[in-house]
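Structure record follows, encoded as structure tokens.
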Amino acid sequence: MDSLLQHLLHLSTPPNTTHKPMFINSPQTNKSNFPSLHSSVDSTLQQHQDTQLQKPASVSVPQFENSKYEAQSQVGSLDFLSRKGKFMLNSIVEQPLSNLNAFFDSAKFELLEVDLVSLLKGLDILGNWEKALLLFEWIVLNSNPEATKLDNHVIELMVRILGRESQHSIAAKLFDEIPVEEYSLDVRAYTTILHAYSRTGKYERAIALFETMKEKGLFLTLVTYNVMLDVFGKMGRSWDKIVELLDEMRSKGLEFDEFTCSTVISACGREGRLEEATKFFTGLKSQGYVPGTVTYNSLLQVFGKAGIYSESLSILKEMEENNCPPDSVTYNELVAAYVRAGFYEEGAALIDTMAHKGIMPNAVTYTTVINAYGRAGKEEKALSLFHQMKTLGCVPNVCTYNAVLGMLGKKSWSEEMTEILCDMKSNGCAPNRITWNTMLAMCGNNGMHKYVNRIFREMKSCGFEPDRDTFNTLISAYGRCGLGIDATKMYEEMITAGFTPCVATYNALLNALARRGDWKAAEAVIVDMKIKGFKPSETSYSLMLHCYAKGRNVKGIEEIENEVYDGHIFPSWILLRTLILANSKCRALTGMERAFQGITTEWV
DNA sequence: CTAGGGTTAG
């Protein structure tokens, strides 16, 4: 364990802090980090400026660097910039990122004379979005909120740049500092901000901003609605809201597109709303809508998640009949559907089928099957597929490595884990929070629980902040150690830390309780879930069954059984399988037979 | 031209 931790630490570069906003990274701290470097840079900077102020930019700087020369000739062609603007742009481009704030301060008066929109635009065109951001932040901090209100166009441009660069977390954070609602940005800018909130999980903020947009009387477009559908879909438990939005779109005469359809169907997939998905999909077709590959793919996901691979097959057939070309995602969904239903070899065989049809299997395809083999205890097959993918030139990604590490971790195969960590290093694949969580989870195995706290500490020292999922992992880790009391304590700690529990949290708790067969506490967890408005998942019911089985509570099993057979709980393949296992543990033959029949009639 | 969707890992 110690050696593994060493490898992991060695592998861990600090997490991607591509940018530190000015609010955190003040010029003072920069200087204190590199005192000698900065003082010299500062003085040359000052000289540079003095000379440049006297002469036109194009002749003032010696052209001893090619890149510098290229940048300058490019700047020269930016006609929307004034001469002063071009000069400023040149000076900013020459500064290292770390020195920019100090530079802005020193050039304060010159900066305020140029058109800032043009300057930002120039920086963006030269590929310096980070410098554009630093300039924007400097403007925000240095403009007097009373007198000079920020220009709408400056904000719109910054929004566009961050959106294009997919810097969603930076955008979400930045536009939390600025009261964007008080400005009148165009619908595209607001939509980009909505998207940034959506991608960073700030659903409540997105909804609030959406309401403000409506109040402002902005003409909401198809894209705005599509983003909001995604917000409600990702937030979960908002099907009514989705229906409401769809009605609103119809009444405004907005025609659905592929984004609308796939987003809505995916929302169904996340919550197992098979009926709603089917109804929506058939409704679309009856209106004459021709679904594309992405819409079919989301539909495949709905049934794949439910383990109904037969339905997945008919969807594929329909695609082929409608000349809708399947792509790698289509096949990946199909593979997932197979392995979820327990058909590992059929799933693995699809890899060859894909290649045969000219759709290259990718890292997702392999990871899906490797993970399935791992779960099924077929470690050798998983490892051989892992080697096969590398031989065929498919590069594993961090998900692949995490899947393999997770599998090895369950078996405590530390030497193989070390090999994998080395392989990650040689492939330049950085571990992520899940890698760390996998290591945490591994310590749930016998006698390693003393490492849990240490790994948690090291993880934080590598710059990975614990989040809701980390707490879920900690609860699971303690649960797997058989320390149910600690799991409950960790749950309380998570609440105090300000995280909202989710279904996974409750399932982790249920898992801890199931090990001990503490069905009374588990029942209380289910009650709490329902009070807080969460719908227990297939896993929750499965864990309850395990819990009752361990506690030899046949009556409890029967209660869930009844709900499964009377249609309150969807009789998925996995649940029926758990029913067989739970009943067999309690020697309840009738229950076993009934579940077995359920499987054979429904799924075979 | 400018804003948006679907697949994998704990």
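Naming: A, B, ... by sequence-line order, numbering from 1 per chain.
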Could you state the atom-to-atom distance from [atom1] of [X] to [atom2] of [N] in whole Å?
X       : N      : atom1 : atom2 : value
R375(A) : dA9(B) : CZ    : P     : 7 Å
I193(A) : dA3(B) : CD1   : P     : 12 Å
L120(A) : dT2(B) : CG    : P     : 19 Å
F175(A) : dA3(B) : CZ    : P     : 12 Å
E165(A) : dT2(B) : CD    : P     : 14 Å

Name the nucleic acid region contacted by [X], choosing base, sugar-phosphate or nothing; use a 4.0 angstrom heavy-atom cut-off, strictly under.
X       : answer
D257(A) : base
T221(A) : base
V294(A) : base
D186(A) : nothing
T473(A) : base
N362(A) : nothing
Q301(A) : sugar-phosphate
K305(A) : nothing

Establish, from distance only, whether the side-chain atoms of [X] and [Y] form a donor-acceptor pair under 3.5 Å.
X       : Y       : result
Y296(A) : E318(A) : yes
T191(A) : T224(A) : yes
Y190(A) : E181(A) : no

Legend entry - E379(A) side chain vs L408(A) backbone, donor-acceptor pair below 3.5 Å: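 Absent.
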Inset, instruction - Evaluate ring-ring contact (aromatic ring centres under 6.0 Å, His included) for F256(A) paired with Y289(A), printing each intermediate quantity in order. - result: CA-CA 9 Å; F256(A) 297 171; Y289(A) 183 85; 8.0 Å; no
Legend entry - N371(A) side-chain N/O to dA9(B) phosphate OP1/OP2 under 4.0 Å: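 Checking N371(A) against dA9(B): at least one side-chain N or O falls below 4.0 Å of OP1 or OP2.
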Inset, instruction - Determine: side-chain N/O of R199(A) to OP1/OP2 of dG5(B), distance under 4.0 Å, yes or no. - result: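 True: R199(A) side-chain N/O within range (under 4.0 Å) of dG5(B) OP1/OP2.
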Out of [options], which nucleotide sits closest to the side chain of [X]?
X       : options                : answer
R188(A) : dA3(B), dG5(B), dA9(B) : dA3(B)
N332(A) : dA3(B), dT7(B), dA9(B) : dT7(B)
V329(A) : dA3(B), dA9(B), dT7(B) : dT7(B)
T368(A) : dT8(B), dA3(B), dG5(B) : dT8(B)
C399(A) : dT7(B), dA9(B), dT2(B) : dA9(B)

